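None of the values given here were measured: they were computed from a predicted structure. Any value given below was found using the heavy atoms of this structure, including those in side chains, with hydrogens, waters and symmetry copies removed.
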Amino acid sequence: MPTRSTSAPDGGIVLAGGASRRMGSAKAALEWEGRTLLDRVVGTLGRAVDGPVVVAAAPGGALPPLHSTPPQRWHRVDDPVADRGPLTGLATALVAHAAGSAPPELVFVSAVDLPLLSVELVRRILALLRAAPDVDVALPRIDGRAQPLAAAWRTRTTSDVLLRSQRGEGGFRDLLGSLRVMELDREALLADPVLRAVDPALDGFRDVDDPLALANLRADRPPR
């Protein structure tokens, strides 16, 4: 694995401010193997990075309690406006990281609905971005689908993300088109033997955006 070029800690971002319309209930509170999705994803990032994890939530919205991550390792920030999409949540969380006492240079950005996200997958993507200092985003593309909400971002993108969010200019496709992006396919990710042993199918990218996706994942991966 590439070595660090900086002593700055890596950070984490979990986007949990969506309305969950397709699911019909708050995805953050859904249960997987006895824990909520929010607890699982924040816990995974908390083990994968050595800096803080920022949870971007809807303004005033309730979040389920977190049991697997010490309070000093994570904090919540509210989006300035409700239901403006994940780009707003990303901007809010990046600004919060920049205001911290030890701002990270790299952050792993995750949606809240990735129950199988692993520490090894997070660390692999962060390592690949760290090894490419001219790149802004390490973007997995799995089976033709880009994964900006399971990707590593440099915090130097904060001003670009914030400006586009405030102006309401497009979504992630337009934003990524203005940044230096390194796409990661299965081969690049699974070249790491540690990740290959833990998640050879890269199920960490499987989201549960609606009840059918959740049911299919439960059928494929029965709770332990």
Side-chain angles (χ1 to χ4, degrees), residues 8-21 23 26-29 36-46 48-66 69 71-114 117 122 125-126 129 136-139 146-179 181 207 209:
D10 295 335
I13 291 174
V14 179
L15 301 181
S20 300
R21 291 187 179 87
M23 180 59 72
K27 289 187 284 187
T36 65
L37 292 189
L38 181 66
D39 195 38
R40 290 186 66 86
V41 175
V42 173
T44 296
L45 292 191
V49 304
D50 45 10
V53 177
V54 174
V55 178
L63 290 178
L66 298 183
T69 306
Q72 65 271 21
R73 289 297 319 283
W74 77 279
H75 66 275
R76 166 185 175 152
V77 294
D78 284 3
D79 293 339
V81 181
D83 205 18
R84 284 286 299 272
L87 196 59
T88 294
L90 176 59
T92 302
L94 284 171
V95 169
H97 269 300
S101 58
E105 293 186 10
L106 309 182
V107 292
F108 189 89
V109 179
S110 177
V112 76
D113 61 349
L114 297 176
L117 184 68
V122 173
I125 297 171
L126 283 167
L129 180 58
D136 297 318
V137 183
L139 178 70
Q147 302 283 346
L149 302 187
W153 294 66
R154 291 192 186 273
T155 53
R156 67 189 181 205
T157 63
T158 298
S159 58
D160 293 305
V161 177
L162 181 61
L163 183 61
R164 286 179 176 270
S165 171
Q166 291 173 335
R167 291 179 174 177
E169 292 181 350
F172 277 100
R173 180 178 296 180
D174 292 335
L175 170 63
L176 291 168
S178 69
L179 300 175
V181 175
D207 60 359
D209 202 37

Between Leu139 and Ala146 the two heavy atoms that sit nearest each other are CD2-CB, 4.1 Å
Hits for side chain to side chain donor-acceptor pair (under 3.5 Å) against Asp39, two or more places apart or cross-chain, chain-then-number order -> Arg35, Ser68
With sequence neighbours left out, the residues meeting side chain to side chain contact (heavy atoms under 4.5 Å, CB included) with Ala150 are Phe108, Leu114, Gln147, Phe205
Side chain to side chain contact (heavy atoms under 4.5 Å, CB included) filter on Val41, not counting sequence neighbours, yields Val14, Ser110, Leu117
Rounded to the nearest 0.5 Å, the OG1 atom of Thr157 sits from the CG atom of Leu90 at a distance of 6.5 Å
CH2 (Trp153) and CG (Leu176) are apart, to the nearest 0.5 Å, by 4.5 Å
Distance col, row Glu105:CD vs Leu126:CG, nearest 0.5 angstrom, shows 12.5 Å
Can you give me every donor-acceptor pair (side chain of residues 54-63, partner residue at least two apart or in another chain, under 3.5 Å) with its distance?
none

Residue set satisfying side chain to side chain contact (heavy atoms under 4.5 Å, CB included) with Thr155, at least two apart, ordered chain then number -> Leu94, Pro104, Val107, Thr158
By salt bridge (charged side-chain N to carboxylate O under 4.0 Å, His left out), Asp136 pairs with (sequence neighbours left out) Arg156, Arg180
Item checked: N/O donor-acceptor pair under 3.5 Å between His97 side chain and Gly12 backbone -> yes
Nearest heavy-atom contact between Val49 and Gly11 is CG1-O, 3.7 Å
Closest heavy-atom pair, Asp79 versus Gly89, reported as atoms and distance to 0.1 Å, is OD1-CA, 3.3 Å
From the list Leu149, Leu87, Val112, side chain to side chain contact (heavy atoms under 4.5 Å, CB included) with Leu15 holds only for Leu149
Sequence neighbours excluded, the answer for salt bridge (charged side-chain N to carboxylate O under 4.0 Å, His left out) partners of Asp113 is Lys27
dist Ile125:CD1 -> Leu106:CG (nearest 0.5 Å) comes out at 12.5 Å
Sorted by chain and residue number, the side chain to side chain contact (heavy atoms under 4.5 Å, CB included) partners of Leu162 (sequence neighbours excluded) come out as Ala91, Val95, Gln166
Hits for side chain to side chain donor-acceptor pair (under 3.5 Å) against Thr44, two or more places apart or cross-chain, chain-then-number order -> none
Between Pro64 and Ala28 the two heavy atoms that sit nearest each other are CG-O, 3.5 Å
Shortest non-hydrogen pair, His75 vs Ala96, comes out as NE2-CB, 4.2 Å
* Close side-chain approach of Thr92 to Pro80, heavy-atom, < 4.5 Å -> yes
